[in-house]
Every structure is written in structure tokens, then in C-alpha cells.
Amino acid sequence: MEADFDLQRAVFDRSLIERYDGKGPRYTSYPTADRFVVLDAEQYRDAIEQRQPGTASKPLSLYFHLPFCDTICYYCACNKVITKDRAQAASYLDYLEREMSLAAAGLARKGAVQQLHLGGGTPTFFDDGQLGRLMSSVRRHFDLQPEGEYSIEIDPRKVRPQTIDALASYGFNRMSVGIQDFDPAVQIAVNRVQPESQTRSVIEAAKAAGFRSVSVDLIYGLPLQNRDSVAKTIGRVADLRPDRIALYNYAHLPGRFMPQRRIDETLLPTPSEKLDILGDCIDALQQEGYVYIGMDHFALPDDALAVAQRRGRLHRNFQGYSTHPDCDLMAFGISAIGMMGSMYVQNVKTTDEYYAALDAGRLPVERGRAMTRDDLVRRAVIQMLMCQFYLEFSRIEIGYTIDFSSYFAEELCALSAFVDDGLLEIDEEGMEVTPRGRMLVRSIAMVFDRYLRDQPRPEGYSRLI
């Protein structure tokens, strides 16, 4: 049965957004990745081996980080390897298979997989045969469920319609298509020239091949963007009618991400202009019938993300929003982050370290965190707020045997300002983020973050809006 709350439109209240604007975590995990500590690979192996076999065991979600790109997009902040040497893909694939073999060996039986995602980098840097080989290897080690969600990130500049057909034959049924902006001047300024015809061709091929869902990625705040130019891009994207749209804020951090130093800062829209652009985009997408899922994401009402949100089953992990809340996440490749039971694990960040660990016969884990009971309680609260925009106190009380009002007395007091400003409603049964508060849900979630209270790290986070 679907949760009893109305999927209202998000309201862009500029005065409140400007008042609450600041920096904070995106809560793809709690505790957040900046709180990870050095972790021994044997701890991860133990967590894998402690999974209980049988029908009561959690299903699996798999993530593969494929880091290679043959050109650099100046805005990019991903962990990537820029090269035109295609032989590197073959070597990397060899090591991915080694890592899979080591990790899967710890499972009591072949893990049932409900979700799989290939990210990057540019996954289609790997040719059709290599991607087919990777999926064959996955099937050797894991049991992909017929109803599962299997997705891949696509750069339309790097694929032909034949590749889309090949991906469908390998079992992929969802894809994420990078666009960022359709304006030619903006594309030149960020070194990603991508004609609309290429994007349209890929999306049409995906629909013809039977893909269940197509998502597109857009960025606002890029050089030479303005309200009119972005409005045109939004209109053209809406005409393509993707099932999901991700609209990301460009964070210009050239001190941390070297490629961004090639962007002319004088061409960036001002913070005030960025807010205007964001407000326009939200209004336009909701007018086009898209539901504001939260945290940059929109979906058509019948898309699985919107359905999961209505049913109270939406989840958030390191790939963003997910429709499968009950999975253990096993992650493969450099810098990939997974979660096994109550433990987060992250791999080493460079290919040299990755290859060396696997050559030594050990899992390439570098850091992570074993969650405490308090972490688990707060993680559940933050997940519900970020994903459903509402929280039933009884679900937390029953799940974790606590009295919510006593356990979170300090937090409930701190939330009074959000209530006074009309961002949040609280009664004896729970709390609900109002349409005005949905844009600021990260601020509300931050109140429950014990690590932020004890050890603030605002400079390490992105802006809330």
C-alpha cells in the first residue's frame, strides 16, 4: 500500500533559500564518507562471510567504477583516468574479475542481485565485447534476478545504436545519459561538444531496444549559462521525455579539481543568477509533469523512483536515489564505495594501488566505517527525511526500541526554527517536510547528524542549494 501523503509540488521560496543557504553533506551515506577511517580488508571479508544464507538474507546491489575517459570535461569532479590507450580497459577488466572472485568467494552461496550499476568515467570507453565479458563474469559469480534493475551511464558521443542493442542483450534495462547543456557555446566552454542529434539518437535507440527507463544529467551554473539559454535546454530535454532528470549544481572548486582550472571564472553566472536559473528549472519541469523527488532529481509520476517514494520505499546510496532499500551494496573498482551489513567500505583511489592489492591476493579496501547503534538510528531518520520527506516516529521507535521524543529531545528543540519558518510540520505522530522545505531538506537532515554537531567540517561540503 502506498504511503498516506500527497506528492505535492516543491515550492521555490527564494527568501528562505537565501536565508538557509550554506554547506552540508549530500547524505548518500550516514555517517558521511568524510568520516571514514582506515579499514583492514579482512574486516570487509569478515562482513561478507557473516551474511546469512537463505531467503532471509538481503539481496545484493552491485556497483562497478569504470574510470576511463578519452577526453576531459572541464567541470568534472569524478575520479577518472584520461587516456586514449584502449589497452588499459582490458587490463582493468582483468583486475575487476579478480576482485569479483575474491569478494564472491566469501558468500555462503551465489548472491541474488536485484540492482547493478556501471558508472565512471565513461563505461562505454570499454568496447561492446569487453562490456559483454564483464556481464558474463558477473553472472558467473552472482545470480542476476529477472526483475532486477541493471543500469549503465552513457556518453552519447561514444556509442552507436548497435552498442545500445548490445547492452540490451547483456541485460541492461536502464541508462543514464549525460547531456549537461545543449547550448553550443556552453559546450565549447566546458570541452563537451555534443550535438542534440547524438543524444536523441541514443535515447530513441534505448526505447526501441526495450530499456525500461532513461535518465538524463544536466548541470546549472556552467560558464555562459543564463536564464534564457538554460530554459531552452530544459524545453528541448522535456521534448525528449526522459523518465528521470538529474539537475546538478556546478560547484567551481579549481583548487581541488584540476580540470576546472581551464574554466574562465568570469563567464560563470553569479550566485543570484544561479538561483534564478534553478527556480526557473524547477517550475518548468514541474509544469512538464515531472515530480520533484529531491536532491536534484525529477521523475515522471509512473517512473519507479516516484512510485517508490509514494510507497515509502525510496532509498539513497552512493549512486543517488534507489528503488531497492534492502540491499547490501558490493562495489568494485577504484574508489568504489559499498556497504555490507552495518559496514561501509571504500576501495583505494588509484589504479596502481588497486592492481598492487589484487596482485597480492587481497581485496583493495582502504577505508570505511563500522556503524554504531546510534549511527544506525540516525541513518534511518535521515534516510526517511531525504527520501520520503516525512518521518513516522513509531517506525523508528519499533525498529530501534527507543522513545523518539526522549532520544532526540535536543534535535526536536533545534527543529523549532524550521517549524516557525514553515519548512516542517511536527505533531505527536511524526514530522513532514512541507513543499517549501523540500528544497532545504538537507538543512533539516543535518540537525540529526551527530558528527556535524561534534566535529563541524563545513568547508568540505557542497552548497545546500
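Just so you know, residue 1 is the first one in the sequence shown, and it goes up from there.
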Novice: Enumerate the residue pairs fulfilling salt bridge (charged side-chain N to carboxylate O under 4.0 Å, His left out) with a member in residues 336-350, sequence neighbours excluded, ordered by first and then second residue.
Specialist: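 Matches after skipping sequence neighbours: Lys349-Glu366.
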Novice: Are Val433 and Leu385 packed together at the side-chain level, in the sense that at least one heavy-atom pair is separated by less than 4.5 angstrom?
Specialist: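 A side-chain contact exists here, since the closest heavy-atom pair is under 4.5 Å.
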Novice: I want to check something: taking the side chain as every heavy atom from C-beta on, are Gln115 and Tyr150 in contact at a cut-off of under 4.5 Å?
Specialist: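 No; the side chains remain at least 4.5 Å from each other.
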Novice: With sequence neighbours excluded, tell me which residues meet side chain to side chain donor-acceptor pair (under 3.5 Å) with Lys80.
Specialist: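 In terms of side chain to side chain donor-acceptor pair (under 3.5 Å), with neighbours along the sequence ignored, Lys80 is linked to no residue.
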Novice: Between Phe142 and Ala104, which heavy-atom pair has the shortest distance, and what is it?
Specialist: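 Heavy atoms only, the tightest pair is CZ-CB, 4.1 Å.
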Novice: Report yes if the side chains of Tyr400 and Tyr407 come closer than 4.5 Å at any heavy-atom pair, otherwise no.
Specialist: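 With C-beta onward as the side chain, the pair stays apart.
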Novice: With no hydrogens and no angle check, is any side-chain donor or acceptor of Thr32 less than 3.5 Å from a backbone partner on Ser29?
Specialist: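 It does not hold such a pair.
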Novice: I'd like to know whether Asp181 forms a salt bridge (Lys or Arg N to Asp or Glu O under 4.0 Å) with Arg192, so could you lay out the CA-CA distance, the side-chain angles of the two residues, the decisive distance to 0.1 Å, and finally the verdict.
Specialist: CA-CA 9 Å; Asp181 194 297; Arg192 187 187 175 102; over 6 Å; no
Novice: Locate the shortest heavy-atom distance separating Cys281 from Leu247; write the atom from each residue and the value.
Specialist: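 So the two residues come closest at CB-CD2, 3.5 Å.
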Novice: Can you list everything that forms a salt bridge (charged side-chain N to carboxylate O under 4.0 Å, His left out) with Arg369? Sequence neighbours excluded, please.
Specialist: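 With sequence neighbours excluded, Arg369 shows a salt bridge (charged side-chain N to carboxylate O under 4.0 Å, His left out) to no residue whatsoever.
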Novice: Any donor-acceptor pair under 3.5 Å linking the side chain of Thr434 with the backbone of Gly422?
Specialist: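 It does hold such a pair.
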Novice: Could you check if a side-chain atom of Leu118 sits within less than 4.5 angstrom of a side-chain atom of Leu134, using non-hydrogen atoms only?
Specialist: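 They are in side-chain contact.
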Novice: For the residue pair Val11 and Met439, what are the closest heavy atoms and their distance?
Specialist: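 Distance-wise, the nearest heavy atoms are O-CG, 3.9 Å.
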Novice: Under the salt bridge (charged side-chain N to carboxylate O under 4.0 Å, His left out) rule, collect the residues that match up with Arg35, sequence neighbours excluded.
Specialist: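 Scan of Arg35 (salt bridge (charged side-chain N to carboxylate O under 4.0 Å, His left out), adjacent residues dropped) gives none.
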Novice: Compute the ring centroids of Phe172 and Phe211, then answer whether they are less than 6.0 Å apart.
Specialist: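 Distance test on ring centres: not under 6.0 Å, no.
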Novice: With no hydrogens and no angle check, is any side-chain donor or acceptor of Glu273 less than 3.5 Å from a backbone partner on Arg227?
Specialist: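 The answer is no, because no donor-acceptor pair under 3.5 Å joins these two groups.
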Novice: Can you list, pair by pair, the side-chain donor-acceptor contacts under 3.5 Å of residues 440-456, counting residues two or more places apart and other chains?
Specialist:
{"unit_1": "Arg442", "atom_1": "NE", "unit_2": "Pro25", "atom_2": "O", "d": "2.9"}
{"unit_1": "Arg442", "atom_1": "NH1", "unit_2": "Arg463", "atom_2": "O", "d": "3.0"}
{"unit_1": "Arg442", "atom_1": "NH1", "unit_2": "Leu464", "atom_2": "O", "d": "3.4"}
{"unit_1": "Arg442", "atom_1": "NH2", "unit_2": "Gly24", "atom_2": "O", "d": "2.5"}
{"unit_1": "Arg442", "atom_1": "NH2", "unit_2": "Pro25", "atom_2": "O", "d": "3.4"}
{"unit_1": "Arg442", "atom_1": "NH2", "unit_2": "Ser462", "atom_2": "OG", "d": "3.0"}
{"unit_1": "Asp449", "atom_1": "OD1", "unit_2": "Tyr451", "atom_2": "N", "d": "3.0"}
{"unit_1": "Asp449", "atom_1": "OD1", "unit_2": "Leu452", "atom_2": "N", "d": "3.1"}
{"unit_1": "Asp449", "atom_1": "OD2", "unit_2": "Tyr27", "atom_2": "OH", "d": "2.7"}
{"unit_1": "Arg450", "atom_1": "NE", "unit_2": "Asp374", "atom_2": "OD2", "d": "3.0"}
{"unit_1": "Tyr451", "atom_1": "OH", "unit_2": "Asp375", "atom_2": "OD1", "d": "2.8"}
{"unit_1": "Tyr451", "atom_1": "OH", "unit_2": "Asp375", "atom_2": "OD2", "d": "3.2"}
{"unit_1": "Arg453", "atom_1": "NH1", "unit_2": "Glu411", "atom_2": "OE2", "d": "3.0"}

Novice: Under the salt bridge (charged side-chain N to carboxylate O under 4.0 Å, His left out) rule, collect the residues that match up with Glu153, sequence neighbours excluded.
Specialist: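 Listed in chain order: nothing, the list is empty.
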Novice: Side chains of Asn347 and Glu353: donor-acceptor distance under 3.5 Å anywhere?
Specialist: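 Glu353 and Asn347 do not have a side-chain donor-acceptor pair below 3.5 Å.
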Novice: Any salt bridge between Asp359 and Arg98, counting N to O under 4.0 Å?
Specialist: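 Salt bridge between Asp359 and Arg98, a charged N being under 4.0 Å from a carboxylate O: yes.
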Novice: For this output row, return yes or no: ring centroids of Phe332 and Phe64 closer than 6.0 angstrom.
Specialist: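 Under 6.0 Å, so yes.
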Novice: Going through the checks in order, is the side-chain contact (heavy atoms from CB on, under 4.5 Å) test met by Arg19 and Leu16?
Specialist: CA-CA 5 Å; Arg19 188 191 313 172; Leu16 285 174; 3.8 Å; yes
Novice: Regarding Asp143 and Arg109, does a basic nitrogen lie under 4.0 Å from an acidic carboxylate oxygen?
Specialist: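 Answer for the salt bridge query: no.
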Novice: Taking the side chain as C-beta and beyond, is there a heavy-atom pair between Val345 and Leu363 under 4.5 Å?
Specialist: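 Of all side-chain heavy-atom pairs linking Leu363 with Val345, none is under 4.5 Å.
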Novice: Considering only distance and modelled atom types, tabulate donor-acceptor pairs under 3.5 Å from the side chains of residues 296-303, sequence neighbours left out.
Specialist:
{"unit_1": "Asp296", "atom_1": "OD2", "unit_2": "Arg26", "atom_2": "NH2", "d": "2.3"}
{"unit_1": "His297", "atom_1": "ND1", "unit_2": "Met295", "atom_2": "O", "d": "2.9"}
{"unit_1": "Asp303", "atom_1": "OD1", "unit_2": "Ser213", "atom_2": "OG", "d": "3.4"}
{"unit_1": "Asp303", "atom_1": "OD1", "unit_2": "Arg244", "atom_2": "NE", "d": "3.3"}
{"unit_1": "Asp303", "atom_1": "OD2", "unit_2": "Arg244", "atom_2": "NE", "d": "2.6"}
{"unit_1": "Asp303", "atom_1": "OD2", "unit_2": "Arg244", "atom_2": "NH2", "d": "3.3"}
{"unit_1": "Asp303", "atom_1": "OD2", "unit_2": "Leu305", "atom_2": "N", "d": "3.0"}

Novice: Check the pair Leu391 / Ile396 against side-chain contact (heavy atoms from CB on, under 4.5 Å), numbers first and verdict last.
Specialist: CA-CA 9 Å; Leu391 172 66; Ile396 301 299; 3.8 Å; yes
Novice: Mind checking what makes salt bridge (charged side-chain N to carboxylate O under 4.0 Å, His left out) contact with Glu288, not counting sequence neighbours?
Specialist: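 Residues passing salt bridge (charged side-chain N to carboxylate O under 4.0 Å, His left out) with Glu288: Arg241.
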Novice: Treating Arg367 as the side-chain partner and Ala33 as the backbone partner, does any N or O pair qualify as donor plus acceptor under 3.5 Å?
Specialist: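 Such a contact is found between Arg367 side chain and Ala33 backbone.
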Novice: Please find out if less than 6.0 Å separates the ring center of Tyr248 from that of Tyr220.
Specialist: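 No, they do not, as the ring centres are separated by 6.0 Å or more.
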Novice: Locate the shortest heavy-atom distance separating Leu358 from Pro364; write the atom from each residue and the value.
Specialist: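 The pair with the smallest heavy-atom distance is CD2-CD, 4.0 Å.
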Novice: Do we see a donor-acceptor contact under 3.5 Å between the side chains of Asn317 and Tyr63?
Specialist: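 Judged by distance alone, the side chains do not pair up.
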Novice: Please examine the side chains of Asp217 and Ile179, heavy atoms only from C-beta on, and report whether any two atoms are closer than 4.5 Å.
Specialist: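 No, side chains not in contact.
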Novice: Given Val138 and Met100, is the side-chain contact (heavy atoms from CB on, under 4.5 Å) satisfied, shown in steps?
Specialist: CA-CA 8 Å; Val138 169; Met100 263 192 286; 3.8 Å; yes
Novice: Which residues pass the side chain to side chain contact (heavy atoms under 4.5 Å, CB included) test with Ser416, not counting sequence neighbours?
Specialist: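 Testing Ser416 for side chain to side chain contact (heavy atoms under 4.5 Å, CB included), a comparison that skips the adjacent residues, returns none.
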Novice: Gly341 and Met371: which non-hydrogen atoms are nearest, and at how many Å?
Specialist: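 In terms of heavy atoms, the two residues are closest at O-CE, 4.2 Å.
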Novice: Under 4.0 Å between a Lys/Arg side-chain N and an Asp/Glu carboxylate O for Arg45 and Glu49?
Specialist: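 No salt bridge links Arg45 with Glu49.
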Novice: Once ring pair (Phe, Tyr, Trp, His ring centres under 6.0 Å) is applied, do any residues pair with Tyr44, and if so which ones, sequence neighbours excluded?
Specialist: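 So Tyr44 forms no ring pair (Phe, Tyr, Trp, His ring centres under 6.0 Å) with any residue.
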Novice: Under a 3.5 Å cutoff, is there a donor and acceptor pairing between the side chains of Tyr250 and Gln225?
Specialist: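 Short answer, no.
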Novice: Do Gln346 side-chain atoms and Ser335 backbone N/O form a donor-acceptor pair below 3.5 Å?
Specialist: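 Here the side-chain-to-backbone pair exists.
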Novice: Applying side chain to side chain donor-acceptor pair (under 3.5 Å), name anything that partners His324, two or more places apart in sequence or on another chain.
Specialist: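 Only Gln114 meet the side chain to side chain donor-acceptor pair (under 3.5 Å) criterion with His324.
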Novice: Of all heavy-atom pairs between Leu423 and Tyr20, which one has the smallest distance, and what is that distance?
Specialist: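 Looking at all heavy atoms of both residues, the shortest contact is CD1-CE1, 3.5 Å.
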Novice: According to side chain to side chain donor-acceptor pair (under 3.5 Å), who are the partners of Thr28, at least two apart in sequence or on a separate chain?
Specialist: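 Testing Thr28 for side chain to side chain donor-acceptor pair (under 3.5 Å), a comparison that skips the adjacent residues, returns none.
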Novice: Run Tyr30 and Arg378 through side-chain contact (heavy atoms from CB on, under 4.5 Å) and show every step you take.
Specialist: CA-CA 8 Å; Tyr30 181 84; Arg378 292 174 184 275; 3.6 Å; yes
Novice: Compare all side-chain heavy atoms of Arg316 with those of Ser322 and state whether any distance is below 4.5 angstrom.
Specialist: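 A side-chain contact is absent here, since even the closest heavy-atom pair is not under 4.5 Å.
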Novice: Using the ring of each side chain (for Trp, its six-membered ring), is Tyr344 parallel, tilted or perpendicular to Phe36, with breaks at 30° and 60°?
Specialist: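 If you compare the ring of Tyr344 with that of Phe36, the planes turn out parallel.
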Novice: Tell me, do Thr124 and Ile154 make a side-chain contact under 4.5 Å, heavy atoms counted?
Specialist: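 Yes - at least one pair of side-chain heavy atoms lies under 4.5 Å apart.
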